[in-house]
Every structure is written in structure tokens, then in C-alpha cells.
Amino acid sequence: MIIETKTSQAIQSNTPTIMTANNVDVFYGKKQAICNVSLNIPENQITALIGPSGCGKSTFLRCFNRMNDTINICRVSGEIKFSGQNIYDPKVDVVALRSRIGMVFQKANPFPKSIFENVAYGPRIHGLAESKDELESIVIRSLKRAGLYDEVSDRLSEPGTSLSGGQQQRLCIARAIAVDPQVILMDEPCSALDPIATAIIEDLMETMKKKYTIVIVTHSMQQAARVSQQTAFFHLGELVESGDTQAIFTNPIQERTQNYISGRIG
Amino acid sequence: MRPQIRNELRRRNRRNQIKEFVIQGVLIASSFVAILTTIGIVASLVFEAFRFFEKIPLTEFLFSLEWSPQTAIRADQVGASGKFGVIPLLTGTLLISFIAMLVATPLGLLSAIYLAEFAKAKTRDIVKPLLELLAGIPTVVYGFFAALVVAPIIRATGSGAGFDISSESALAAGLVMGVMLIPFISSLSDDVINAVPQALRDASFGMGATHEETVTKVIIPAATPGIIGSLLLAISRAIGETMIVVMAAGLAANLTLNPFEAVTTMTVQIVTLLTGDQEFDSAKTLAAFAIALFLLILTLGLNIIALRIVDKYKKKYA
Amino acid sequence: MPNYILSTSRLMAKRHAREKRFKWYGRIAIFISIAFLVFMFSAIIFRGASAFQQTKISLDINFSESILDPSSSRDPDLLKRANYKPIVVESLLSVIPEVTERRDRNRLYKLLSTGAVFDLSEKVADDPSILGKSKKVWLLASSEVDLFMKGKIDPNVSEDLRRLKDRDIEWIEILKSEGRIKKKFNKTLFTNGDSREPEMAGILGAAIGSFFSLLVCFLIAFPLGILTAVYLEEYAKKNFITDFIEVNINNLAAVPSIVFGLLGLSIFLNFFHLPRSTPLVGGIVLALMTLPTIIIASRSILRSIPQSIRDAALGLGASKTQTTFHHVVPLAMPGMLTGTILGMARALGETAPLLMIGMVAFIVDIPKGVTDVATSLPVQIFLWADSPEKGFVERTSAAIMVLLAFLILMNICAVYLRKRLERRW
């Protein structure tokens, strides 16, 4: 199979690239999960990774902040550059890396602590706040950016798990924002949420992209079409096609992409 | 259907029904053995303890600060009645259990955390069975080791440092009991730590926390109720432990918190009062049952609280 | 900015150092725990290894007819009661002739165990034709001599502080120079019951006592445990009574073992008047103690058997009981047996409850049944550990080694059973 011409449209050359993946392979034990994928992530835009389940899109997303390191049998080869630095270089501190590249997970996973402590966790461990007041202002700012502050301002000391599903997910976004990352990776952040909560989070992403670069994995093509500027379609561990979202959805080059977005595979 | 066959089937059916009925009866009867055992334990202890409290008032048992159950040969002898205050026994028991927990808690918890979070699979495969081996050793062996090896070492070290340490010090019994509890705590905590959902770990790692920060700031706080439960179970085990203290702790009911002195425990007194020659109705032998009742209430209470905490914890992350 | 993710900042270095330190705490904790285990095992082996050998003294015994059987009756009873001491003393004197005084002769005789004469009388009983002949015989040395030969008595210590005097040591040296004193394999340890004399004490009686207790324990706990587990898992509906049984079982598992001993004392001994100090009562008490363990283990095995097996049998028209006992229980059997063996291993090491029902007496005879008076291995360890005689120290350690060997054997059996017969669903 030829996977050379997978880029249908060159990304608008005026947006700078913040992350670049070059020939990335991922293995789980002997099984290859990602096969020779190269992709550019444009800064301050939303990139959506789509594809049928099991296609490797989540695995690929987790390469960007080396979350795959926590899985023993997982091996990554190739290179991913962040601001020109290969993040798989032995000199790179994975802890520092993840403070620049945050992550939001499929299922909202607030710590069993108060709302305040959830958001304060990152700034605390990374030593971002000099004083209590500063920490408080970081927490409030993050909650505001995640669009949650108005709903929880009077109960910051209540446990994070007492919030509704959508609020919990926004709390996790606030928690990720609190360390002021440059990139936020989102792994199907709305898959467990109802349409209203989903809509709120999609709006939130729209405003967030002014400040952050977002890479989102989604199984919903509509969501990808709604929120993203760039879309990458994965199938069986390969990147089939990537490029401008509108172009992918209206005029895909590859037949497999066509089949997927028209619902014939997936 | 031919009538013979119908009759035969009907007969078989009847027979089967009777068989099912009998078998179920046997099964229910065997399950009741557990209940009977509990009833037997409670009834025998309460009954004998009640007879004890006819001779010695409950208030003396609970509040007197003296324990000297020697019964006199002549009625007019000094201290003829004996003193039956459980407080010195309780403090002795708690002192030894406290020392044991002081040893077992950090060692057990740290081992569990290291094995669950940091160790390689290979290390775990070797170390876990070794720790379990520690749990499989009979307590009489620990007792022998405490009395013949640990106590003399402690005494020698103490006298080298200018302390006067009793040869049956609470310290020796407590230390060895602590080692006995390590595997108990570590395996229970291991379960508890493994029950913390992976999502919380991911969240913390995703924030750029180190593994240590994830453990101390997320996993341990999340696992705290379960860990407390397992510590309570360990304490209950320590309080009821018999052989180590019988062999390594003393008989003298000193009311002290000094770990270098000899203390006695509830279990030691039960054994001393009931082994050797005994007359069944004397306050002395009956006292053993009163202590045992007290011990049972204490350990069961701890156990019930602990199981409740652990249950609640498990439901939270189920 | 690109360098931000390189590990150069001081804060980062500090955080990583803390992680490293934390890992070391864990390693040290594990190290201490295992070091203790190793220390304990090596202390016990170090003390106990010598107990597998025993000092014997070889003498040319003249089975003089005029002393042992002056009437030439060959009556076995008389032969048994005959006084063997003179012939032993005589042969000792032939090796060490300078002893003349009566007091010294008695001392010399004390080099041998008091049990030595029993060995001789047994020899005569086995083969009366030996009378009148002279024969070289290896006799048990006394415990003090044994300890000296094993280097556990320091001859440089002031004479007043040891029971073995310089004189005795001189005699031992003479025996040594003639090759008449030697350490041999300690058969006594494995063939005798308890004894007041360390050199004659063995663990056979206690081991048999343990065996009978475990036999009773198994016969009661295994069927009861499995039936209860089957009832609770397969039959019982969730209601007040089953809840109550469950709570009961969980709490019984946490009752201190000594309380079970008190149960045995007041119910089985004082109420039912079962024979005191016997494996029968010991076994019953141990059974009640291990029952919760067996039930809990068996239930988890039953739970792991897939519903599809039951559905298949029920679908063919089998009754509940047929389904359970023809299909489910046989599949669960290896697992339940494993759980039972592990429970029994625990019971084998149990001491405290047995003390309460009087299995703590000094018993020389080897029990022949479950109603004979007996002790058990751990109780024997407890008794010997309490003995003031120095000779018992090494025997206690040896008994511990034997007990641990049995425990390890049982555990290996359990693991083997599990590996061999258990299925994964």
C-alpha cells in the first residue's frame, strides 16, 4: 500500500508549526499499533484525529506527551519535535515536557480532592506559585478559562467528584490549563457527555485555541468538522490522509477516507 | 405417552424432589456450623464471665489499676482475694501492639508501595513470595526467636548504652510482632493501592507529576481509607496475638509505658491462668474468660470498623 | 524556550532527587523485612543444625550373666528389671582405670545418658543369647557431654560455672583418643517422644499428635467448608439469614485463635466431657478455626466458575443439585482443595488454642489414636523453648526446622495442585 501522498492540501503556510511527528512507529510488545506516521501540528489551531475505533488515533495522541511511557510493553520509534526539540531525546525531561503539553482524558478523572485542590495540583507540583494568593489567582483564572468558575465559585472546597459529568470534564480542562501548557491533548473528551455538555466544551475549545494549540481525538466526525481546522484520518495504524478539515470532509483524496466519512467503514 | 412411562417419570420426579430437599437440608445445616461456633464462643465467654463478675464486681475489673490473681492458700493471708483490674493488662497489650505497629506500618506500607508502583515485574515475583513466607511462619517460631535471639540482643545493646533493659521487655516482643505484621499490612495495602483507578494515575502523569508525586499526592490520599482499614485489621491481629507474647513478654502486670520494662498482656494472662493445675470455679480461672470476652469485644469491634471502611472504599472505586 | 523541556532546572533536579529517595525508602523497607527473615532462618539453622547429630560413646560391654541373670531364668521380666549399671561402669573402668573412688565412678557413669541402660536392656530382650558374651556397643552420651563435643561448652570458663567439670573433660579426652566417642546421626530425635533428658527427647510423639489433630481437622473442616461454600454461592437467596451467615464467617476469621481454645475448653471439655489433651478435641478446635478460611477460599473459586457451565447443565434438564454436584463442584475441587491445604498449613502451626485444651502436657508415649493424650509439634517447640536445660535449645531449633519443612511441603503441594489442576476461564 502506498502511503506517500497522504497530505491532500498543504496546511496554510502562514501558520507556524508547533509540533512535528516524523516517521513514528509504536509497538505494543510485538504488535505494531502505529505505522510510520508523519504529521505537523499547526500552532493555535485545533487538529482532530479521527478514524474507526482501534485505528491507533489515541495511541498516537499519547505519543505527543509521552504518556505511552507509563505502559511497560509500549515502544515508540521515530521522532516528534516540539519547538524544534525531539521529545524522545534522552536529555528531555518527561516531567517538564508534560507540563508544556497537557492532557485531558476520555473519562473525566478529577482527583478525590476539593475543586480548588484539583486545579491547584499542577501549579503546586511545578512550583508555579510563590504565594498562597498567587496560587489562588491561578486557580481562579484557570477555572474562568475553562468556563467553570461561575458555576463553582461558591463551593471550591467541595470534592471535585461531586460535580456533574460535563463540569468534571471542564474541571479537568481547568486543571490542565493551570500549569499554562502550550499544547493540550484531548482524548475523546466528550464521549461520556450529553449533547449540551458537549456543546459547552466545544465552545470552550473555540475560545481556548487563541491561547493554546489543541489536538483532539474524536470518534465523532461531526465534532471534528465543527471544531477543527486540520483533520487527520487514521485507519489500521496508518495515517491515511490529513489536511484542512473542510477539504477532508468535502473532497477527500483517498478512497478510504471517502468510505469512512460516508459511513461505509468504521 | 404410555402410562407405565408416565408413572415411572412421576416416581423419579418425586424421588428427585426428595433428594433435592435432603441435600439442601444438609447444606443449610453445614452453614449453620459457622453460626453455632459464634454462638458457642459468645455463650461460653459470657456465661463464664458472668460467673466471674458474681465474685468480682465489673467496676473493679474495668477500673482497678492492679492485677495480681494469686489466690491465697489460707483465707486470712494478705491479698487473699487477689486483684483483678484489667487496666495493666490492657496497657501492656496496647504498648506491645503500639511498638509492633511502629515497626510494621512504615515497613509494610513502603514495601507495598514500592512493589505496587515502582518494582519491575521480576522483582515483584521474587519479593512477594518472600514476604508471604514471613506470614506463613507459625507464631511459636517468632516467639522462640524473640525470646532467645532478639531479647538478649536488645538487653546487651541496652546495657552497652547504659540502659537497664528487662530480659522480657515489651520492646523485644513488640519488635518481633511487628515483623510478623509486615506481610499482613503489605498485602492488604497492595490490594488497596491496586484498586486505585488507573485514570487517576494518568491524570497525574498527564499533568507532569513525577511518579513519587503521583504516589504521595494522589494515590496514597485516594487509598487512605483502605490503608487505615488494613492497619486496623493489623492492630486487631496484634492485640489477639498470643504465642509471641507468651514466650517473650513477661508475667508481671506492670502499669507502665516504658518499652524497656516487662509488661504482660491479656493473652498471656489467659494462658497463664488456664494452663497448669486449675480448679474450675475459682475467680482465677473464671477471670480468664472475662479477659477473653474483653479481648473478643475489642478485636471484633476493630474488625467490624475496619471491614466497614474497606468495604466503603472498595465500593467507591468499584 | 526549546530548552525548557530539558532537565536542567534546579526545581526539576530536586523533584527527581525526591523520587529517587522515595524509591530507596521502599527498597530499604523490603530489604529490612527480608533481612529479618534471613536472620531468623539462619539463627534457627545455626542453633538447630547440630541437633541432627548426637554424641555416642562406644564401650565393650560384657553382658555378664552373673550380674544380669544370676538365676539363669532367662525370664524377660527379670531381664528387663535387671541392674545394668554395674556392667556399664565395669566397661567404663576398663577404658579409664585410674578411677577408684565410688563418687568418681558415679561421675564417670554420668558421662552416659540415663537412657543408655534402657538401650542395653532392649538389646538383651531382643536377643537373650547375648548374655555371657562381650560386645562393642554405641551408647548415648549425656547431654552435657553432647554439648561439649559440639563445642557448646567452653572449657576455659571457670569450673564453678559449668556442670561438666575438668575431670569429666579429661575423661572425654581419653575416650576421644581411643576413638570411643563420636557424633553420629541423631535417630532419637525422630523416633522418640518427649523426655526430661534432652539427649533422649524426640519429636515423633508430637509429630504424630499433630498428624492426628490435622486428620480430625480435615475430616471436619473440609466437608463442612465446601458444603457451606456451595450453599452460600449456589443455593442461598440473598436474605437476612444468608447475610447473617456471611457476617458471621467474616468475623470468625478475625477472632483471636486463643478464643477458639477457650471455646474448646468450656464447650468440648467441660460441657461435652470429651477427653482432655487429645488430638480429637484439638482437631475439632482447629477445624472450627480454619473453617472460615476454607469457606472464603472455596467461595471465590466457585464464583470464578463461569455461569455458562451451569446454564449448559440446567439447559439439558439437570436439577439444581445435579448441576452443582456433577458439574460445578468437580470443576472447583482442585481450587477448594488448595484452599484447604493452605488452611491446614495454618492449623499445623497453631499453638495457642491447643494450650487451652491441655495439649501442653509432658507426654512420653507416642499417641496411637485420636483419643490418646498428645501434644503437637508447635506445642512441643513451646515446651522445649521453655525448658531450662541447655540441651533443649538446639532441639527446639531442630523441631522448628522440621515444622517449617512440613509447612513448606504443604505449601508446595498446594501450589502444585493449583498449577496442575486449576483451569483458567
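Note on naming: letters A, B, ... go to the chains in the order of the sequence lines (proteins, then strands), and numbering restarts at 1 for each one.
Interface remark: C:Ile241 contributes side-chain atoms only to the contact with chain B (heavy atom separation under 4.5 Å). In this structure, chain B has a heavy atom under 4.5 Å from the side chain of C:Phe244, while its backbone stays farther away. Contact of B:Ile182 with chain C is made through the side chain alone, with heavy-atom distances under 4.5 Å. Neither the backbone nor the side chain of C:Asp386 comes within contact range of chain B, judged by heavy atoms closer than 4.5 Å. Neither the backbone nor the side chain of C:Leu232 comes within less than 4.5 Å of any heavy atom of chain B. Contact of B:Leu296 with chain C is made through the side chain alone, with heavy-atom distances under 4.5 Å. Proximity to chain C (any heavy atom under 4.5 Å) is restricted, for B:Ile23, to the side chain, taken from C-beta onward. For chain B, no part of C:Phe271 is nearby; none of its heavy atoms comes within less than 4.5 Å. Neither the backbone nor the side chain of C:Phe46 comes within less than 4.5 Å of any heavy atom in chain B. Using a 4.5 Å cut-off between heavy atoms, C:Ile30 contacts chain B through both its backbone and its side chain. Proximity to chain B (any heavy atom under 4.5 Å) is shown, for C:Val247, by neither the backbone nor the side chain. For chain C, the nearby parts of B:Ile270 are the backbone and the side chain; heavy atoms of each come within less than 4.5 Å. Of the atoms belonging to C:Ile226, not a single heavy atom falls under 4.5 Å from chain B. Residue contact with chain B, scored on non-hydrogen atoms closer than 4.5 Å, involves the backbone and the side chain of C:Leu37 alike. For B:Phe47, no part lies under 4.5 angstrom from a heavy atom of chain C. The contact between C:Leu407 and chain B is made entirely by side chain atoms (from C-beta outward), counting heavy-atom distances below 4.5 Å. With a 4.5 Å cut-off on non-hydrogen atoms, B:Val215 touches chain C through its side chain but not through its backbone. With a 4.5 Å cut-off on non-hydrogen atoms, B:Leu302 does not touch chain C at all. Only the side chain of B:Ile113 comes within less than 4.5 Å of a heavy atom in chain C; its backbone stays farther off.
Among the candidates C:Leu252, C:Leu291, C:Leu348, C:Ile28, the residue making the largest number of heavy-atom pairs closer than 4.5 Å to chain B is C:Leu252. Taking chain B as the reference chain and counting heavy-atom pairs below 4.5 Å, the highest number among C:Arg346, C:Met40, C:Lys320 is found for C:Met40. No other option in B:Val149, B:Val179, B:Leu300, B:Thr267 has as many heavy-atom pairs under 4.5 Å with chain C as B:Val179. The candidate from B:Glu117, B:Arg237, B:His211 with the greatest count of non-hydrogen atom pairs under 4.5 Å with chain C is B:His211. Chain C forms more heavy-atom pairs under 4.5 Å with one residue of B:Gly240, B:Ala43, B:Ser31 than with any other, namely B:Ser31. Listed options C:Pro378, C:Ala43, C:Ala385, C:Ser33 were ranked by heavy-atom pairs under 4.5 angstrom with chain B; first place goes to C:Ser33. Most heavy-atom pairs under 4.5 Å with chain C: of the set B:Thr299, B:Ile35, B:Leu45, B:Leu133, this distinction falls to B:Ile35. Your options are C:Leu355, C:Ile267, C:Leu262, C:Ile245, and the one with the most heavy-atom pairs under 4.5 Å with chain B is C:Leu262.
Scanning both residues, C:Gly349 and B:Pro138, for their nearest heavy atoms gives O-CB, 3.5 Å. The two residues C:Gly264 and C:Ile357 come nearest to each other via the heavy atoms C-CG2, 3.9 Å.
Applying side chain to side chain contact (heavy atoms under 4.5 Å, CB included) to B:Met266 and the options B:Ile239, B:Val245, B:Val271, B:Thr242 leaves one that passes, B:Ile239.
For the residue pair B:Glu213/B:Thr210, the side-chain donor-acceptor check at 3.5 Å is satisfied. Between the side chains of C:Thr321 and C:Tyr235, at least one donor N or O lies within less than 3.5 Å of an accepting N or O. No hydrogens or angles considered: nothing links the side chains of B:Asn16 and C:Ser319 as a donor-acceptor pair under 3.5 Å. For B:Thr93 and B:Thr265, the side-chain atoms include no donor-acceptor pair closer than 3.5 Å.
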- Task: For B:Asp190 and B:Ser187, run side chain to side chain donor-acceptor pair (under 3.5 Å): C-alpha distance rounded to whole Å, both residues' side-chain angles, the deciding distance at 0.1 Å, then the answer.
- Result: CA-CA 5 Å; B:Asp190 195 27; B:Ser187 75; over 6 Å; no

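Relative to the six-membered ring of C:Trp24, C:Arg27 meets both conditions, a distance below 6.0 Å and an angle of at most 45° to the axis.
Looking at heavy atoms from C-beta onward, B:Thr285 lies out of side-chain contact with B:Leu273 at the 4.5 angstrom threshold.
With hydrogens and angles disregarded, no donor-acceptor distance shorter than 3.5 Å links the side chain of B:Thr123 to the backbone of B:Ala119.
Between C:Glu246 and C:Arg299, at least one side-chain nitrogen of the basic residue sits less than 4.0 Å from a carboxylate oxygen of the acidic one, meeting the salt-bridge criterion. At a threshold of 4.0 Å, the pair B:Glu212-C:Lys23 does not count as salt-bridged, since none of the basic side-chain nitrogens sits closer than that to a carboxylate oxygen.
Between B:Phe145 and C:Phe36, the ring center distance clears the sub-6.0 Å criterion. For B:Phe144 and C:Phe382, the ring centers are positioned 6.0 Å apart or more.
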